Amino acid sequence: MDLASLTAQLQALRAEALPRIAAAPDLAAIDELDLHYLGRKGGALSVLMRGIGALPVEDRPRVGVVVNEVRQAVEGALGAAREGAGAAALAARLAAETVDVTAPAREIPRGALHPILETIDRIAAIFGQFGFVSYEGPEVETDATNFRMLNIPPDHPARDLWDTLYVDVPGGLLRTHTSPGQIRVMQAERPPIRALLPGRCFRYEATDASHASEFYQVEGLMVDEGTNLADLKGQLVEFAHAMFGEGTATRFRPGYYPFTEPSVAFDIGCLVCGGSGCAACGRTGWMTILGAGMVHPVVLRHGGIDPERYQGFAFGMGVDRIAMLRHGVTDLRVFLDGDLRFLEQFR
Ligand code: DAH
């Protein structure tokens with residue numbers, strides 16, 4: 001092998017490679033040619049370079065110059081071909097994957113919050129502005145938390161207020177109200193406490209348009225030094241105005257609950273007749289939306305709170321009643337039926 005023939009072979013390699021690379025149909029073909037000409041081990045250029053060792057020493061740099069020229073030419077051709085193939089592949093994809101933006105969209109079925117949950121959210125949002133935080137209590141409670149710790153001893157006549165469903169666990173029952181959550185929050189937190197406890201309650205009731213054996217309440221509890229009845233009144237009136245409108249009439253009446261002293265009932269002016277008296281308000285012009293009062297010292301003590309230092313107020317409101325008023329629903333049972341014809345109206 002001499003300088004002239006090695007040079008000629010290198011030129012021939014270039015002459016052969018460039019048009020083949022330019023004609024390669026896709027990236028895979030280009031990669032294959034890359035390996036064929038420039039592959040480190042068996043590539044055509046490497047094979048020719050083995051001949052350099054046989055040349056006289058003074059010829060070697062000259063042939064090195066040619067090798068570099070050929071390598072650069074082939075590398076340049078490969079780069080250009082890759083660019084072209086990439087652009088072609090992209091153009092092909094763009095052509096194949098066109099989206100018809102004028103095609104009508106597929107309908108995505110949208111759900112909605114159940115009107116009861118939506119009402120709970122609204123109540124929580126309003127009391128949230130007064131600093132109340134929502135907690136969750138269990139639906140299965142015990143005689144202790146549902147009654148005794150709330151100052152309702154066994155055999156006390158006040159138990160008649162709650163027709164109770166018992167479960168097959170010693171002392172276990174389905175909570176008849178959200179008030180046991182008061183005990184749980186007081187035992188878990190230190191004052192100042194501002195807690196909201198929404199949830200489902202159960203009573204042994206015959207079902208009709210305004211009674212059901214399952215229903216929803218939202219309990220409120222505030223405990224701090226110096227909390228008094230005026231705080232309770234102010235917050236409930238503010239709540240009624242935010243919930244039912246600024247002009248809503250409100251009134252407090254004396255009430256009785258074993259866990260509050262004093263106890264009150266809180267009424268709003270009938271939203272149906274505006275106060276003149278109708279079937280919805282029993283011709284009184286008023287609707288009772290919650291019971292409330294100052295937390296009984298016995299209850300505070302059961303919550304681990306010193307009644308000499310702290311006072312509290314509590315309230316419990318019926319959510320179903322409020323949701324009925326909000327949506328003009330006259331039969332409570334539609335909330336529980338799961339009838340999509342009713343529920344889909346709230347989307
Ligand atoms: N738990 C009562 C009920 O279900 C409602 C109630 C009244 C809750 C007065 C209270 C309260 O927190 O202070 O009938």
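Small disclaimer: the values here were computed from a predicted structure and weren't measured. Order of listing sets the numbers, starting from 1, for every ligand and every atom in it.
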Item to complete: Would you please say whether a donor-acceptor pair under 3.5 Å links the side chains of Thr142 and Arg148?
Response: no
Worksheet item: Can Glu214 and Arg203 be said to form a salt bridge (charged side-chain N to carboxylate O under 4.0 Å, His left out), step by step?
Response: CA-CA 7 Å; Glu214 61 183 275; Arg203 288 185 200 172; over 6 Å; no
Worksheet item: Does Phe315 approach ligand 1 within less than 4.0 angstrom via side chain, backbone, both or neither, non-hydrogen atoms only?
Response: backbone
Worksheet entry | Distance-only polar pair, side chains of Arg184 and Gln187, donor-acceptor under 3.5 Å | no
Worksheet item: Does Phe259 have a non-hydrogen atom less than 4.0 Å from ligand 1?
Response: yes
Fill in: Contacting atoms of ligand 1, where contact means under 4.0 angstrom from a heavy atom of Gly293
13 (O)
Worksheet item: Nearest to atom 8 (C) of ligand 1, what protein heavy atom do you find, and at what distance?
Response: Gly316 N, 3.3 Å
Practice prompt. With heavy atoms of Gln182 as the reference, note each atom of ligand 1 found under 4.0 Å away.
Written response: 12 (O)
Check residues 47-56 and write down every donor-acceptor pair under 3.5 Å in which the side-chain atom is one partner and the other belongs to a residue at least two apart or another chain.
residue : atom : partner : partner atom : Å
Arg50   : NH2  : Lys41   : O            : 3.4

Worksheet item: Does Glu261 approach ligand 1 within less than 4.0 angstrom via side chain, backbone, both or neither, non-hydrogen atoms only?
Response: neither
Worksheet item: Would you say Gly291 has any N or O atom under 3.5 Å from an N or O of ligand 1, going by distance alone?
Response: no
Worksheet item: Would you call Asp306-Arg301 a salt bridge at under 4.0 Å N-O?
Response: no
Worksheet item: How about Glu219 and Ser179: does a side-chain donor come under 3.5 Å of a side-chain acceptor?
Response: yes
Practice prompt. Any atoms of ligand 1 less than 4.0 Å from a non-hydrogen atom of Ser179? List them with their elements.
Written response: 1 (N), 8 (C)
Worksheet item: What atoms of ligand 1 come within less than 4.0 Å of a heavy atom belonging to Arg203?
Response: 3 (C), 4 (O), 14 (O)
Worksheet item: When you check the side-chain N and O atoms of Gln311 and Thr227, is any donor under 3.5 Å from an acceptor?
Response: no
Discussion item. Can you name the atoms of ligand 1, numbered from 1 with element, that are less than 4.0 Å from a heavy atom of Trp162?
Written reply: 3 (C), 4 (O), 14 (O)
Worksheet item: For ligand 1, which atoms sit closer than 4.0 Å to a heavy atom of Gln217?
Response: 3 (C), 4 (O)
Item to complete: Check each heavy atom of Ala292 against ligand 1 and say whether those closer than 4.0 Å belong to the side chain, the backbone, both or neither.
Response: backbone
Worksheet item: At a 4.0 Å threshold, what atoms of ligand 1 neighbour a non-hydrogen atom of His177?
Response: 1 (N), 2 (C), 4 (O)
Worksheet item: Tell me: protein heavy atom nearest atom 12 (O) of ligand 1, and distance?
Response: Glu219 OE2, 2.6 Å
Worksheet item: Between Asn146 and Thr176, do the side chains contain an N or O donor and an N or O acceptor separated by less than 3.5 Å?
Response: yes
Worksheet item: So is there a nitrogen or oxygen of Tyr257 less than 3.5 Å from a nitrogen or oxygen in ligand 1?
Response: no
Fill in: Residue pairs, two or more places apart or on separate chains, that pass ring pair (Phe, Tyr, Trp, His ring centres under 6.0 Å) and touch residues 13-37
none
Worksheet item: When you check the gap from the basic side-chain N to the acidic O, do Glu16 and Arg20 get nearer than 4.0 Å?
Response: yes
